[in-house]
Amino acid sequence: MNQTSRLLLISNSTVHGRGYLDHVQEQIKMFLGDARKALFFPFALYDRDDYAAKAKSRFAAMGYGLESAHATDNPKKAIDRADALFIGGGNTFRLLKALQDRELLEPIRRKVKGGAPYIGSSAGSNVAGPTIKTTKDMPIVQPRSFDSLGLVPFQISPHYLDPDPNSTHMGETQEERILQFLEENETPVVGIREGAWMRDRKWRGHVERRNRRENFPARSGAG
């Protein structure tokens, strides 16, 4: 991770019994600090107007302004003038293709490496890694490549669920799919559990490496 990068990577935007971003409200407020206006990227969902309105209302409730990249005439200039960036969740393939088609990956990367706070949720967290190869989503569209922002030197697998030893489900677990990835790739993988988040180098979750699993303790106050 770049020394100047500031990242808050959230596994999921909603947890059972709570509203949109409720479980990470305090983390977002502490993380954003003096930033007053964020640029939102709603490209992971089909109805971008509705998604942007939802995010704008939620950020307003926390005391922040929010502009949506899809509604600006020049998203690259909007990136330059934003205090912070927020990429929301949805389908990771759709999100990455939209960022590629609009040539926004490098402007985002440059902005974050320059010190702007970056918040990702679900798919928005997944694209912070080198590629999107560890997403759980269906490939409903075809991006030109799987390469993403590369803001961290490891793959991210949001919505991580630990294997249930009492389950009768015979399908693959998320852990098994991550291990399959590691059979073909050297890049380590961080699984971010449901209701959890990572901030800068202080993360909650575990890293899967070839032939080795490293566990990290839960952060206090996590939803």
Side-chain angles (χ1 to χ4, degrees), residues 1-2 4-14 21 24 28 31 38-46 48 51-52 55 66 68-70 72 75-76 78-79 82 84-160 174 177-178 181 185 187-194 196-201 203 205 207-208:
M1 187 181 301
N2 188 287
T4 59
S5 296
R6 297 175 56 198
L7 309 174
L8 176 61
L9 305 179
I10 304 163
S11 181
N12 48 309
S13 60
T14 308
L21 298 177
V24 287
I28 290 174
F31 176 70
L39 181 66
F40 180 56
F41 298 81
F43 300 119
L45 292 187
Y46 182 76
R48 292 161 184 172
Y51 198 10
L66 184 139
S68 182
H70 87 291
T72 65
K76 293 178 183 178
I79 291 170
L85 307 180
F86 173 32
I87 299 187
N91 185 278
T92 309
F93 292 92
R94 176 189 277 153
L95 170 61
L96 181 60
K97 184 177 187 302
L99 295 176
Q100 291 173 343
D101 290 348
R102 291 161 177 78
E103 299 183 347
L104 297 179
L105 290 176
E106 183 53 34
I108 293 171
R109 191 180 295 121
R110 185 170 56 248
K111 182 74 171 182
V112 175
K113 289 185 177 180
Y118 175 99
I119 300 174
S121 177
S122 186
S125 294
N126 193 269
V127 297
T131 77
I132 65 166
K133 292 180 181 179
T134 48
T135 180
K136 296 172 72 175
D137 296 331
M138 292 179 64
I140 60 173
V141 295
Q142 178 66 59
R144 70 184 68 154
S145 78
F146 295 146
D147 294 341
S148 47
L149 289 167
L151 302 177
V152 293
F154 45 81
Q155 289 291 130
I156 296 172
S157 185
H159 307 289
Y160 186 85
Q174 193 164 351
R177 291 181 178 181
I178 291 173
F181 169 86
N185 301 271
T187 310
V189 182
V190 172
I192 312 180
R193 292 182 172 92
E194 288 288 270
W197 59 87
M198 300 168 54
R199 178 172 173 178
D200 301 328
R201 292 182 181 273
W203 56 73
V207 177
E208 294 282 1

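If you're wondering where the values come from, they're calculated on a predicted model, not measured in any experiment. By convention here, the first residue in the shown sequence is residue 1. Computed over heavy atoms, backbone and side chain alike; hydrogens, waters and symmetry mates excluded.
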Take Gln155 and Thr131 through the test side-chain contact (heavy atoms from CB on, under 4.5 Å) and record every step on the way to the result. CA-CA 7 Å; Gln155 289 291 130; Thr131 77; 2.8 Å; yes
May I have the step-by-step check of side-chain contact (heavy atoms from CB on, under 4.5 Å) for Tyr51 and Tyr46, ending in yes or no? CA-CA 9 Å; Tyr51 198 10; Tyr46 182 76; over 6 Å; no
Test Ile10 against Leu8 for side-chain contact (heavy atoms from CB on, under 4.5 Å), laying out the working first. CA-CA 6 Å; Ile10 304 163; Leu8 176 61; 4.2 Å; yes
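Closest approach of Ser157 and Thr134 over heavy atoms only: OG-O, 3.5 Å. Contact record, Pro153 with Pro130: C-CG, 4.2 Å, taken as the closest heavy-atom pair. Nearest heavy-atom pair across Gly191 and Tyr160 is C-CB, 3.8 Å. Between Ser125 and Gly120, the shortest heavy-atom contact is OG-O, 2.9 Å. Contact between Ala55 and Phe86 at its shortest, heavy atoms only, is CB-CE2, 4.5 Å. Residue Phe41 comes nearest to Ile87 through the heavy atom pair CD1-CG1, 3.6 Å, listed as atom of the first residue, atom of the second, then distance.
Taking CD1 of Ile28 as the reference point, atom CZ of Arg199 lies at 11.0 Å (rounded to 0.5 Å). Once rounded to the nearest 0.5 Å, the distance linking CG of Leu45 with NE2 of His70 reads 11.0 Å. Residue Ile132 holds its CD1 atom at 6.0 Å from CZ of Phe146, rounded to the nearest 0.5 Å. Remark: Ile108 CD1 to Leu39 CG distance equals 8.0 Å, nearest 0.5 Å. Distance check: Arg109 CZ to Ile79 CD1 gives 11.0 Å after rounding to the nearest 0.5 Å. A distance of 9.0 Å separates CG in Leu96 from CG in Asp101, rounded to the nearest 0.5 Å.
Taking the side chain as every heavy atom from C-beta outward, Gln100 and Leu105 approach each other to under 4.5 Å.
Within the 3.5 Å criterion, the main-chain N or O of Thr187 finds no donor-acceptor partner in the side chain of Asn185. Looking at Ser122, its side chain never comes within 3.5 Å of a backbone N or O of Asn12 through a donor-acceptor pair. Checking side-chain atoms of Asn91 against main-chain N and O of Met138 turns up a donor-acceptor pair under 3.5 Å. Not a single donor-acceptor pair under 3.5 Å links the side chain of Ser121 to the backbone N or O of Gly89. Counting only distance, with no hydrogens or angles, the side chain of Ser11 and the backbone of Ile192 share a donor-acceptor pair below 3.5 Å. Under a 3.5 Å cut-off, the side chain of Arg6 and the backbone N or O of Phe31 do form a donor-acceptor pair.
Counting only residues at least two apart or in different chains, salt bridge (Lys or Arg N to Asp or Glu O under 4.0 Å) contacts with residues 119-135 are absent. Within the structure, salt bridge (Lys or Arg N to Asp or Glu O under 4.0 Å) pairs that include any residue of residues 116-126 do not occur (at least two apart or interchain). Applying the side-chain hydrogen bond (donor to acceptor under 3.5 Å, both in side chains) definition to pairs two or more places apart or across chains, none involves residues 138-147.
A cation-pi contact, defined as under 6.0 Å to the ring centre and within 45° of the axis, links Arg102 to Phe43.
Scanning for side chain to side chain donor-acceptor pair (under 3.5 Å) contacts around Arg110 gives an empty result, with sequence neighbours left out. Residues satisfying the side chain to side chain donor-acceptor pair (under 3.5 Å) test with Lys111, not counting sequence neighbours, are none. For Thr14, the side chain to side chain contact (heavy atoms under 4.5 Å, CB included) criterion is met by Tyr20, not counting sequence neighbours.
Heavy atoms from other residues, nucleotides or ligands lying under 6.0 Å from NZ of Lys97 number 12 at most.
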